[in-house]
Each structure stands twice: as C-alpha cells, then as structure tokens.
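First the structure, in the form of structure tokens, and then the observations on it.
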Protein chains: 2
Amino acid sequence: MDVMPIAAGADELDPEIAARVCWHYFKEGQTQEEVAQRLGFTRKRVNRIISQALATGFVQITIDSRYGACAELEAQLKARFGLRLVKVVPAPAPDIDVRTVVGAAAGQYISEALGPSDTIGITWGGTIGAAAQNLRRRTGGNTVVSLIGGLATSGPINPYDNAAAFARALGATCRYVTAPMFADSPQLRDALIRSTPVREILDQVRFIDRALLSAIDLTSHSKALVYGAISADTWRSLRNAGVVGDIAGQYLDAKGRPVSHPIVERVIAADLEQLRSIGELVLAAGGAHKAPIIRAGILAGLAHVLITDEAAAQMLLEAD
Amino acid sequence: MDVMPIAAGADELDPEIAARVCWHYFKEGQTQEEVAQRLGFTRKRVNRIISQALATGFVQITIDSRYGACAELEAQLKARFGLRLVKVVPAPAPDIDVRTVVGAAAGQYISEALGPSDTIGITWGGTIGAAAQNLRRRTGGNTVVSLIGGLATSGPINPYDNAAAFARALGATCRYVTAPMFADSPQLRDALIRSTPVREILDQVRFIDRALLSAIDLTSHSKALVYGAISADTWRSLRNAGVVGDIAGQYLDAKGRPVSHPIVERVIAADLEQLRSIGELVLAAGGAHKAPIIRAGILAGLAHVLITDEAAAQMLLEAD
DNA sequence: TCATCCGAGGAACATATGTTCCAGTGCATG
DNA sequence: CATGCACTGGAACATATGTTCCTCGGATGA
C-alpha cells in the first residue's frame, strides 16, 4: 500500500471488471492466481486491479467502529473538553502520513453519520482528501458544499478537488465557492462575497446538516506552506500575530480567539457565526503539531466531534 | 479465509487489541511482522487476530456497490420480473458455499438500505447467517424481528441464532417467536399463535420496514434436510405435493401458489398477507438449485428486491 | 504433589504477493 | 511511413503470509 498519493489520480478502472476481480478475491477468498485463471487475465493484471481498487477506495476495509484502539484517550478528551464524540486512532508509524489515517477515520465516521439526504459542508487539506477516499460509496441524495474559496492549482489539498472527490464518492451534487481562498484586497473580497454566485453558496451554509472541518497549522510542518497555499511571508506574519492556525478560514490564536490580521480581511469563506450555526461540526486533524490549532478550534466552538490521533490527543490532554 | 463456518463461533477477541492490530495492518498497511514488533506480540498472534477479525466480521471488506460484476443479468431480471432492484454476484468457485457470497451481498445491501431506527424482519438459513456477518456494525436504534418459529438445536441456520447475530451486529433489540417452527399438531399451532408472546410478535409484523427473506429449496441439495430441520419423510411428502420450497414458512409450488399440505397447518410464522404488507421484501438466495423457489417467491409477491448469484439468475431467465 | 491438558510461542516451510526488469505490441504523432 | 510512448505480458525474485509441527509453561484435577 502506497502512502504518498493522498488523493489518487484519475486512474480509471473498468468498474465491472474490477467488481468481479475484487469479488472473487476479497469475498470468495481465491488467490490472485486463481482469479486470473478464471477470468483469463494475467496474475499481474489481477494484482494491479486489486491494488488500484484499494488505493482509490473502490474497495474499502472497515473496522468495527464501536470499538476504538484508544478508548481511554477518547473518554478523557470527551470529558475534558465537553465534546459529543471523540475518535482517536493510533499514531501512525513515522513513515506514514497522519492525514491518511485520520482522514480514513473521518471518512468512516461521516459515512455512518450522514443521512441519505443530508447536506455536508467541507473544508480543505490532505485530511479531507483522505476522508473522501474512505467514504462509503452511495448514490444520490446528498449535497456537498465547499465552505471556502479555492486555490488556483489543482492538487490533493485544494478545496475544489476535495469537494469534487467528496461529491463523487457520495454521488452528491456539489456547490463550490467560485472565488479564491484569498482575495487580493479586502475590497475585492467584499465585492466577491456580495456577488451572486458566492453569496448564494454562503447563504446555503445555514442549511448544512453537518460539516467536516480540518485544521491548518502554522508550525514549521505546515503543509499549507509546503503546497504553497500561503506564502512564507504570510506564514511569518501570521505567526507573529499569534495565530496558531486556521479552521475553515478562521484564523485563531492559542485561546481560540479570532485574530485581527490583514489576511483575515481577504479570506473568502463562511464566517464564524455561520459555522457555529451548523448542527454538527466534525473536526478532523492529527499529529502533535496540530494540537494547538485543534485546541483553539475546540475553544472557539468549532468542534462537536473530534477525530484525531494519539499524538495530538496526548498533547491536548497534557499541555494544560 | 475459511468457508465452512458460516456463523463463526463465539471466539471472542479483545476488541481494543483487535482494533489496534487491525488498524495498523489494514489502515496503515504495515506488515504483520511490523505490527507484532510494535505491539510486542508474536507475528503468529497478530496473524490470528487478523484472521479472526475477518472471519467474525469485526473487519469488513466492502466493494463499491454502485457497480456490479453482473450488471447485465441484473438489468434483465429486473425487467423480466418487474423487481425494484436486483443484485447478482458471480457464481462462486465450486468449493465455496454460495450462501456465503449471496449472504455477503445481502448483508451489504441491508447495511446500506436500513435506516437508523428501522425495524427489520428476518427468516432463517445459512444465507441469513452469512448476511449477519456482513452487516456493518452500528449502535442502537434498530429492531430485529424473527418471522418464524425456532429450531430446537442451535446452529448456523437456526432462526434464533440468525436473529441474535443480526441483532448483535446492529446493536438492535430483538424479538423472537417463542415457539417451534413446526408445532406437533394444527391444534397446538393455533393455540400457540393465539398465545400472548407469539401473538405479540406476529402483531409486530405490520410495523416492519423491511424484511430479509431466504428461500428454502426442496431439491436433493436442501440444507434443511442436511441440518435436520425437516425430516426425510416430510421432504418427500412435500415434494409429492408439488412444493418447490418455502419462503418464510410459505410453502409454494412452482407457480408461486401456496400448497395445501399437513405441514402447512403446523407452521408457526407470519402469514402470507402479513408478509405482503411489508414495505420492502428482500429475497436473498443463490445457487442453481434455488431457482425454482426463487421464481415461486417472486410470483407469490414475496420479493421486491432480489439478491442472488449468476447461476440462479441464469436459470431464472432461461427456464421460461 | 504429580500427571495431564490446553493454549501460546518458536521454527520452519510452502504459498501467495508485490515488485522489478525486460520485451513486445498497439496507438498516437511527426 | 517511421518513431516513440505507454501499456501489457512474462520471468524472476524478495517478501509477506498462513500453516504445521513441536515445545514449553501454567492451570486443572486426582
């Protein structure tokens, strides 16, 4: 199993063939060799189809969600921060991206919690992309709303890509904020927010049943920096202003208070009040470096449900 | 993967340990050896836990249900018999029990279709047991109702065991028909059906949202015979009366008409009218030998949704 | 206390799996 | 028509997995 490509490319496999191969392999328990002979393929081809099916989420592996590997931490966090539900997954091995595993847990949770005709809001980042891959495939009924403006370059963390992946997995219709994540100026931002297409989407936020939020940290590990979502200058400036990260475009300090900063004036996203009016806010983020922004998000009232990993969970409980 | 034990024994594994092992193995993609080292277990132990987790349904593998390996057959059956939905799975290799694979498909379908507080009625047989193992685990909310009286000896096809397995997987409350499948006499049957506990259950049938029915055939392959659910004499006598099998205690001829026969007077189960009043009847049965009773069930109005395998599907389409 | 039984660990092995390297083939492009 | 390019098949190999057989230690019961 590969780890790097959080959102696999558009490597399409013929669903009917893939379904048959996977059925024989996973459900009947035949070997790849047997499957190959039965269908007249080479073993290599069967092997490739199976790998791809796993990588793209065509085939999913689900662990009984009623039992957690870290039940103790979950209970402590729930009590400590007054959360409705907490899922803590084991900290991954060093060479594995924590976003993949936390995203997997988030995808599974959303699959279980999302009603057949619910509307879900999502943000951006690798965790959200990984969640999309772990959504149980379904047909029709749902609506996906992207809560924040897009980035210009496509990629595994872009809001547009994430929203599209979500919608595709759910067979949902999708609404995008047709504006950049950061406008060039506060004036342009205001103009865009008032413009018809953006206003219409943001007005939809109050109809959202549930939102899956991720946390963007501003530590030196920040993937936003790596992927160029924000510039190094902006990063420094935000840190100097006491910002520990952002959640759905809300830039927060360590106590969870919104910080006043030029960039905040340029963000195109749902505002704090709109977010807080959503019935269930699910915050999914893991890794020790995310602990400060997770804490800030909880304090800001942006998390009813927390999905994280052991490392972040321990930091959250310790650093008091 | 083993095939014989349709309903695995009560081999309990510590859910917390199992969750952790399976998480590392399936979600992080580490090898069993690595997992063992990380947790201080032997590789053998990790291997055992993983095998058990798969066998008991603690870990489940799901194939995107929007695509079927046998889409063509599904479309034909749907049109030919006017069904709402048809799922056809590939015919299993000769050494694999068809009930396991059809049951797997049935479990997946039910998991997807069952609302969070729905009541589901079920019957008995290996297919139902296999379905129970493939239900997505959830908590609370549902109610399972057994639609037919029980067998005295516990086992993978017994209505009680099946209902209990279903309820356990769903975290559901369960209602049993506290009476045998066959009363000793028509008089005793009538008395039992009028008795409080049985009457109360059967009255519940009209509150059932959905029922998962299996088909019991009377061919020489009949598992009912193998497991001793019916005697060889009864089997012969039913066949001579033109019975091709039964669905939820309804003994039908090849045209789907209820057959008059002494045993029918002794069956303790929901009656035909009650069954037909259920909003969605899902009939799950596979194997060429089941084709006659499946057809009879459809003709009798006992299937809105059909889940079967290629072999039965082809028989159903051919034999006209 | 001792014999016995059961379950877990260890070693070893036969398979199954995933990957790499290379060659051929068909398709698109210049 | 020639040239690559991308993909598939084949062979070979290094790992990973599942299983068997044996041993050990601890619990059970006479």
Side-chain angles (χ1 to χ4, degrees), chain A residues 1-6 8-61 63 90 92-97 100-101 133, chain B residues 1-5 8-61 63 90 92-97 100 133:
Chain A
M1 297 186 197
D2 48 359
V3 171
M4 270 318 290
I6 276 198
D11 274 314
E12 286 317 315
L13 22 79
D14 179 332
E16 196 154 333
I17 291 178
R20 183 171 282 265
V21 167
C22 293
W23 187 268
H24 290 320
Y25 184 68
F26 290 110
K27 298 288 182 175
E28 290 187 31
Q30 295 200 291
T31 70
Q32 299 183 358
E33 182 67 46
E34 286 170 318
V35 175
Q37 282 180 6
R38 203 155 146 196
L39 304 181
F41 298 163
T42 63
R43 181 170 76 83
K44 193 162 164 45
R45 183 155 172 220
V46 169
N47 187 297
R48 257 201 309 264
I49 291 172
I50 290 169
S51 307
Q52 271 202 3
L54 281 166
T56 57
F58 183 85
V59 166
Q60 290 177 355
I61 300 180
I63 301 171
D95 58 333
I96 292 171
D97 192 329
T100 321
V101 291
Q133 291 218 297
Chain B
M1 298 184 195
D2 48 359
V3 170
M4 268 320 288
D11 274 315
E12 285 318 315
L13 22 78
D14 178 331
E16 196 154 334
I17 291 177
R20 183 170 283 265
V21 167
C22 291
W23 186 267
H24 290 320
Y25 184 69
F26 290 109
K27 298 286 181 175
E28 290 187 33
Q30 295 200 290
T31 69
Q32 298 182 357
E33 181 66 45
E34 286 170 318
V35 175
Q37 282 179 7
R38 203 155 148 198
L39 304 181
F41 298 162
T42 63
R43 181 170 75 85
K44 194 163 164 47
R45 184 157 170 216
V46 169
N47 186 296
R48 256 201 311 266
I49 291 171
I50 290 169
S51 307
Q52 270 202 3
L54 281 166
T56 57
F58 183 84
V59 166
Q60 289 176 355
I61 300 180
I63 301 171
D95 58 333
I96 293 170
D97 192 328
T100 324
Q133 290 219 299

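Atoms considered below: every heavy atom in the structure, side chains included; atoms not considered: hydrogens, waters and symmetry mates. Residue numbers begin at 1 in each chain, while the letters A, B, ... track the order of the sequences.
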Item checked: Among C:dG10, D:dT17, C:dT17, the nucleotide that comes nearest once only the side chain of A:Thr31 is considered -> C:dT17
Check: Would one find a side-chain N or O of A:Arg43 under 4.0 angstrom from OP1 or OP2 of D:dG10?
Finding: no
Notebook entry, point to check: Between atom CD in A:Gln30 and atom C1' in C:dA16, what is the gap in whole Å?
Noted result: 14 Å
Notebook entry, point to check: Of the non-hydrogen atoms in B:Glu28 and A:Ile96, which two are nearest, and what is the gap between them?
Noted result: O-CD1, 3.2 Å
Checklist line | A:Glu16 vs A:Arg20, side chain to side chain contact (heavy atoms under 4.5 Å, CB included): CA-CA, chis, key distance, verdict | finding: CA-CA 6 Å; A:Glu16 196 154 333; A:Arg20 183 171 282 265; over 6 Å; no
Notebook entry, point to check: Nearest-Å distance, CD (A:Glu34) to P (C:dT17)?
Noted result: 9 Å
Margin query: Is A:Asn47 close enough to C:dT17 that one of its side-chain N or O atoms is under 4.0 Å from OP1 or OP2 there?
Written below: no
Checklist line | Between P of D:dA16 and CZ of B:Phe26, the distance in whole Å | finding: 16 Å
Check: Between atom NZ in B:Lys44 and atom P in D:dA16, what is the gap in whole Å?
Finding: 19 Å
Check: Which atom pair, heavy atoms only, marks the closest approach of B:Gln32 to B:Asn47?
Finding: OE1-ND2, 3.0 Å
Margin query: Looking at D:dA16, I'd like to know if its phosphate oxygens (OP1 or OP2) sit under 4.0 Å from a side-chain N or O belonging to B:Tyr25.
Written below: no
Note to self: If I take atom CD in residue B:Gln37 and atom C1' in nucleotide D:dA16, what distance separates them, rounded to the nearest angstrom?
What the structure shows: 13 Å
Checklist line | Minimum-distance nucleotide to B:Arg45 side chain [options: C:dG9, C:dA16, D:dG10] | finding: C:dG9
Notebook entry, point to check: Choosing from C:dG9, D:dG18, D:dT8, which nucleotide comes nearest the side chain of B:Arg48?
Noted result: C:dG9
Item checked: For atom CZ of B:Phe41 and atom C1' of C:dA8, their distance in whole Å -> 13 Å
Margin query: Apply side chain to side chain contact (heavy atoms under 4.5 Å, CB included) to residues B:His24 and B:Leu39 and explain how you reach the verdict.
Written below: CA-CA 10 Å; B:His24 290 320; B:Leu39 304 181; 4.1 Å; yes
Note to self: Rounded to whole Å, how long is the line connecting atom CD of B:Glu33 with atom P of C:dA11?
What the structure shows: 11 Å
